[in-house]
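Below, read A as the first sequence line, B as the second, and so on, with proteins coming before strands; counting in each chain starts at 1. Please read all numbers here as calculations on a predicted model, not as lab measurements. Basis for what follows: all heavy atoms, side chains included, without hydrogens, waters or symmetry-related copies.
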Protein chains: 2
Amino acid sequence: MPVDDALAQDCPIREVLDRVGDKWSTLIVLRLGQRTHRFNELHREIDGISQRMLTLTLRALVRDGLVSRTAYPTVPPRVDYELTELGRSLLTPITALHEWAVAHRDDIRHARAGHDQAAHAPHAGPSPEPLAAHP
Amino acid sequence: MPVDDALAQDCPIREVLDRVGDKWSTLIVLRLGQRTHRFNELHREIDGISQRMLTLTLRALVRDGLVSRTAYPTVPPRVDYELTELGRSLLTPITALHEWAVAHRDDIRHARAGHDQAAHAPHAGPSPEPLAAHP
DNA sequence: CTGTATCCCCCGGGATACTG
DNA sequence: CAGTATCCCGGGGGATACAG
């Protein structure tokens, strides 16, 4: 499929990005990629997530068929969340993304540092502006 | 590298997700993966993006060393944006993500439809609740 | 053409309290 | 334990106008 289609307005990648895009979904999927988790396990392990967002994000993931929810009618209640096969298949690309992040984190750090320093420097731009006239 | 590290609080994937996460960055990178673009070309081709967000997102991408900006001091001005090598390397994982999206868009659609229908159905859940007592 | 500067609204999402 | 229900604030981001 041509990439152009992916860039059209109603393209599928937008839907996916709306899921992968929010950090919580991705972090949850990565966690569940390790093993099945209970609600509070996720709550404890994913630092900074609020109960509300954990609930909402899990609901969305279940709705999209990426995560399965199993409730045991015991007291106290127990609910297990685990990746579906679809969810596990998503693990592949987001793991690739994760690996890229790890491999290039320093590149980004350096780029930022260099860029910020250039901005604060007194003057004399690092790159001589290209000169040209265009039609 | 163990995935656990990626799930720690200050993990690199969070930084990356903050970039890839917002839909605009990814769409811009995909566009620039095709070819160099001028400002207004991106503005026209990326449906729905505001001038403000295009500017801000491009600035962030340049700052992170993913995109290079070349301004020609002509009148009218002309500015070219293109992926750096780092940017092109990012293209690989997000293309993988894109391909996943294309391959599984229907799966998600169906999952959603099924889930929503089950919610609206009069009664009789589709999956018989598992019964068990746990320690 | 390529931005910058403002205004301003909306809602994402945190904090807190309550329930089955 | 596993959620729901409310309140409420900040800032993300659109619309618009202006500038080099």
Side-chain angles (χ1 to χ4, degrees), chain A residues 9 14 17-28 31-32 36-63 67-82 115 119 125 129-135, chain B residues 9 14 17-28 31-32 36-63 67-82 115 119 125 129-135:
Chain A
Q9 307 66 263
R14 293 214 175 179
L17 286 178
D18 286 345
R19 303 263 95 258
V20 177
D22 74 63
K23 52 182 181 184
W24 300 134
S25 290
T26 313
L27 294 173
I28 289 173
R31 273 287 166 199
L32 296 182
T36 297
H37 278 71
R38 298 179 57 172
F39 185 87
N40 268 9
E41 287 176 341
L42 289 170
H43 197 192
R44 275 193 304 274
E45 292 180 14
I46 299 181
D47 190 84
I49 193 170
S50 66
Q51 201 172 34
R52 174 191 153 83
M53 284 318 292
L54 180 55
T55 303
L56 292 178
T57 307
L58 283 171
R59 262 215 286 251
L61 291 172
V62 169
R63 190 175 108 97
V67 167
S68 70
R69 191 195 116 115
T70 310
Y72 301 90
T74 58
V75 304
R78 171 204 180 109
V79 179
D80 282 355
Y81 291 94
E82 65 183 326
H115 186 269
E129 310 278 296
L131 294 178
H134 66 88
Chain B
Q9 306 65 265
R14 293 213 178 182
L17 286 177
D18 286 345
R19 303 260 94 261
V20 177
D22 75 65
K23 51 183 180 181
W24 301 133
S25 291
T26 313
L27 294 173
I28 289 174
R31 273 289 167 197
L32 296 182
T36 297
H37 278 70
R38 299 180 56 174
F39 185 87
N40 266 11
E41 286 176 341
L42 289 169
H43 196 191
R44 275 193 304 275
E45 292 180 14
I46 299 180
D47 191 83
I49 194 171
S50 66
Q51 200 172 35
R52 174 190 153 85
M53 286 317 294
L54 180 54
T55 302
L56 292 177
T57 308
L58 282 171
R59 262 215 286 254
L61 291 172
V62 169
R63 190 174 109 96
V67 167
S68 70
R69 189 196 118 115
T70 310
Y72 301 91
T74 59
V75 304
R78 172 203 179 109
V79 180
D80 282 354
Y81 292 94
E82 64 182 326
H115 187 270
E129 311 278 295
L131 293 177
H134 66 90

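Atom CG in Leu56(B) sits about 14 Å away from atom C1' in dT2(C), given to the nearest Å. In this structure, the CG atom of Leu54(B) is 17 Å from the P atom of dA5(C), given to the nearest Å. When the P atom of dG3(D) is taken as reference, atom CG of Asn40(A) falls 9 Å away, rounded to whole Å. Rounding to whole angstrom units, CZ of residue Arg59(A) and P of dG13(C) are separated by 15 Å. Separating the NE2 atom of His37(A) from the C1' atom of dG3(D) is a distance of 18 Å, rounded to the nearest angstrom. Counting to the nearest Å, the P atom of dT4(D) and the NE2 atom of His43(A) are 14 Å from each other. Distance Asp22(B) CG to dG13(D) P: 7 Å, rounded to the nearest Å. Per the geometry, CG belonging to Asp18(A) stands 13 Å off C1' belonging to dG12(C), to the nearest Å.
Comparing dG14(D), dT2(C), dT4(D) against the side chain of Gln51(B) picks out dT2(C) as the nearest. Side-chain proximity of Met53(A) to dG14(C), dG3(C), dC1(C): nearest is dG14(C). In this structure, the nucleotide among dG14(C), dG3(D), dT2(C) sitting nearest to the side chain of Ser50(A) is dG14(C).
Using a 4.5 Å heavy-atom cutoff, the side chains of His115(B) and Val62(A) are in contact. For the pair Ile28(B)/Arg31(B), no side-chain contact is recorded, criterion being any heavy-atom separation below 4.5 Å from C-beta on. Within the 4.5 Å cutoff, the side chain of Leu42(A) has no heavy atoms near those of the Ile49(A) side chain.
Considering only side-chain N and O atoms, Arg38(B) lies nowhere under 4.0 angstrom from the phosphate OP1 or OP2 of dC1(C). Between Tyr81(A) and the phosphate of dC1(D), there is no side-chain N or O to OP1/OP2 separation shorter than 4.0 Å.
Side chain of Ser25(A) to main chain of Arg19(A): a donor-acceptor pair is present (N/O by atom type, distance under 3.5 Å, no hydrogens or angles).
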If you apply the rule side-chain contact (heavy atoms from CB on, under 4.5 Å), what do you find for Asp80(A) with Arg78(A), and how did you get there?
CA-CA 7 Å; Asp80(A) 282 355; Arg78(A) 171 204 180 109; 3.3 Å; yes

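Residues Arg52(A) and Glu41(A) both approach DNA chain D. Their nearest nucleotides, taken by heavy-atom distance, put Glu41(A) toward the 5′ side.
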